[in-house]
Every structure is written in C-alpha cells, then in structure tokens.
Amino acid sequence: QQQVKQSPQSLIVQKGGISIINCAYENTAFDYFPWYQQFPGKGPALLIAIRPDVSEKKEGRFTISFNKSAKQFSLHIMDSQPGDSATYFCAASWGGYQKVTFGTGTKLQVIP
Amino acid sequence: GAVVSQHPSWVICKSGTSVKIECRSLDFQATTMFWYRQFPKQSLMLMATSNEGSKATYEQGVEKDKFLINHASLTLSTLTVTSAHPEDSSFYICSARAGIHEQYFGPGTRLTVT
C-alpha cells in the first residue's frame with residue numbers, strides 16, 4: 001500500500017517534444033505528491049509538487065496532472081531540452097507520516 | 001529555496017575503518033532529517049529517520065549498530081558507517097524536512113570502501 005509505481009523506466013524524447021512520466025499509488029491517505037529531478041552524482045532536487053485538491057499544477061515548462069479517482073498522477077515536460085536529461089522520481093507522502101515513498105525513477109534523455 | 005549540504009562529497013576508506021558523513025540545513029531549522037542510500041540506477045532507499053534530540057528510527061533491515069545516526073542540533077545530523085566493508089560502498093543522501101511535507105535533499109556523499 002506504500003508503493004508508488006512509476007513508468008516508463010526510461011524515455012527518449014527529441015528536443016522540443018513533450019516528455020510524459022506516469023505514476024500510480026494505492027494509499028488514499030497520501031496528500032502530497034512531489035516530483036524530484038536528479039542529475040548523475042547529485043542529490044534529488046524538488047521540481048514541483050501537488051496536493052490532491054487540485055487536478056493540475058503548472059510551473060514553467062513542468063506540469064503535474066492529478067487524477068484522484070484513478071489514483072494516478074503524471075509529469076509533463078513541455079518543450080523538452082537536452083538540459084532536462086536526468087532521472088525523475090515521483091513520490092508521495094502524507095502529513096501524519098513523515099516518510100516519503102519514492103517511485104522507481106525514469107531516466108529521461110532529450111536528444112537534439 | 002532551502003539548502004542542505006553534505007560533507008564530504010566523496011570519501012574513500014579502507015575496510016574496517018569508520019566514516020562520518022555530515023548533513024546540514026543551511027538556512028532553516030530541521031527537526032527531522034532522513035538518511036537514504038542509493039545504488040546505481042536505482043531509487044532512493046530510506047535508511048533511517050533522525051529527529052533532533054532523540055534516537056533515530058531505522059528502517060527494517062538496516063543495522064543500527066553499523067549505521068550510527070546522531071541529530072544533535074536543529075541544523076546538523078551525522079551518519080557514521082562503522083567498520084565499513086566494500087558492500088557498504090554506495091551513494092548516501094540526506095534530506096531535511098521543512099514544513100509538514102517539503103523535503104530538501106543534500107548533494108549526496110559517494111562512499112567507496114576498498
């Protein structure tokens with residue numbers, strides 16, 4: 001119930017294209033869904049996060065879409081750039097439970 | 001944004017020795033810090049939750065006598081890998097909680113045990 005399933009494992013997108021990463025969860029107690037971006041040899045960096053009372057959140061080229069009934073959420077990267085090439089992790093947590101549950105990660109490669 | 005630092009960024013040690021890794025929240029106070037371990041091309045594995053002034057809570061399967069955690073102040077937590085062995089070689093990452101949900105991660109420490 002604490003699992004967060006993430007797909008795809010890897011993704012290759014052309015520059016300017018849209019990158020889409022999907023996650024699904026089981027625990028309906030989760031109330032915070034962040035996305036992290038990690039470059040090789042670095043720690044994860046908080047990219048964008050959403051709470052389940054909204055269906056979409058946009059920050060620049062990054063958008064989270066959230067479907068509460070389906071228990072799914074996704075990250076869309078518009079106009080993908082080579083600098084976006086990194087590993088992306090979705091995650092979930094809830095206020096009463098300090099731990100964050102991470103997805104398995106998606107390695108994104110944006111090719112020129 | 002909130003900044004978390006780790007020191008050292010990489011360390012090589014001989015088998016049987018101990019290594020201490022520091023995690024600091026630079027511009028905020030963190031009552032709770034977390035320690036993760038990450039193997040190549042894998043997700044983060046939570047090792048323990050560290051609360052200021054109290055004993056750390058370890059995840060199942062993590063040896064508390066091997067991975068000593070101290071959270072002596074609101075801005076500093078340390079992880080000591082005791083009697084390190086080659087299988088302890090990994091990327092260790094800490095995070096600090098700011099607010100109810102937000103966690104900010106350090107840059108990680110690459111440990112190589114020879």
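Chain letters run A, B, ... following the sequence lines, proteins first and then strands; every chain starts at 1. The model shown is predicted, which means the values in this text are computed figures rather than measured ones. Hydrogens, waters and symmetry mates are skipped; everything else that's a heavy atom, side chains included, is used.
The only member of A/Y88, A/F89, A/F102 that meets ring pair (Phe, Tyr, Trp, His ring centres under 6.0 Å) when paired with A/Y36 is A/F102.
Considering only heavy atoms from C-beta on, A/D84 comes within 4.5 Å of A/R61 through its side chain. Inter-residue side-chain proximity for A/P52 and A/F33 is flagged as met; some heavy-atom pair is nearer than 4.5 Å.
At a 4.5 Å heavy-atom cutoff, the contact between B/Q38 and chain A is made by side-chain atoms alone. Proximity to chain B is absent for every atom of A/F39, based on heavy atoms less than 4.5 angstrom apart. Looking at A/T87, neither its backbone nor its side chain comes within 4.5 Å of chain B, counting heavy atoms on both sides. In this structure, chain B has a heavy atom under 4.5 Å from the side chain of A/Q38, while its backbone stays farther away.
B/D88 and B/S90 share no donor-acceptor pair across their side chains, judged by distance under 3.5 Å alone.
Taking A/G41, A/P44, A/A49, A/G103 one by one and counting their heavy-atom pairs under 4.5 Å with chain B, the maximum is reached by A/P44. Interface check for chain A: of the options B/E102, B/M45, B/Q42, B/K41, the most heavy-atom pairs under 4.5 Å are formed by B/E102.
Note on ring orientation: taking the six-membered ring where Trp is involved, the planes of A/Y25 and A/F30 are perpendicular (angle over 60°, cut-offs 30° and 60°).
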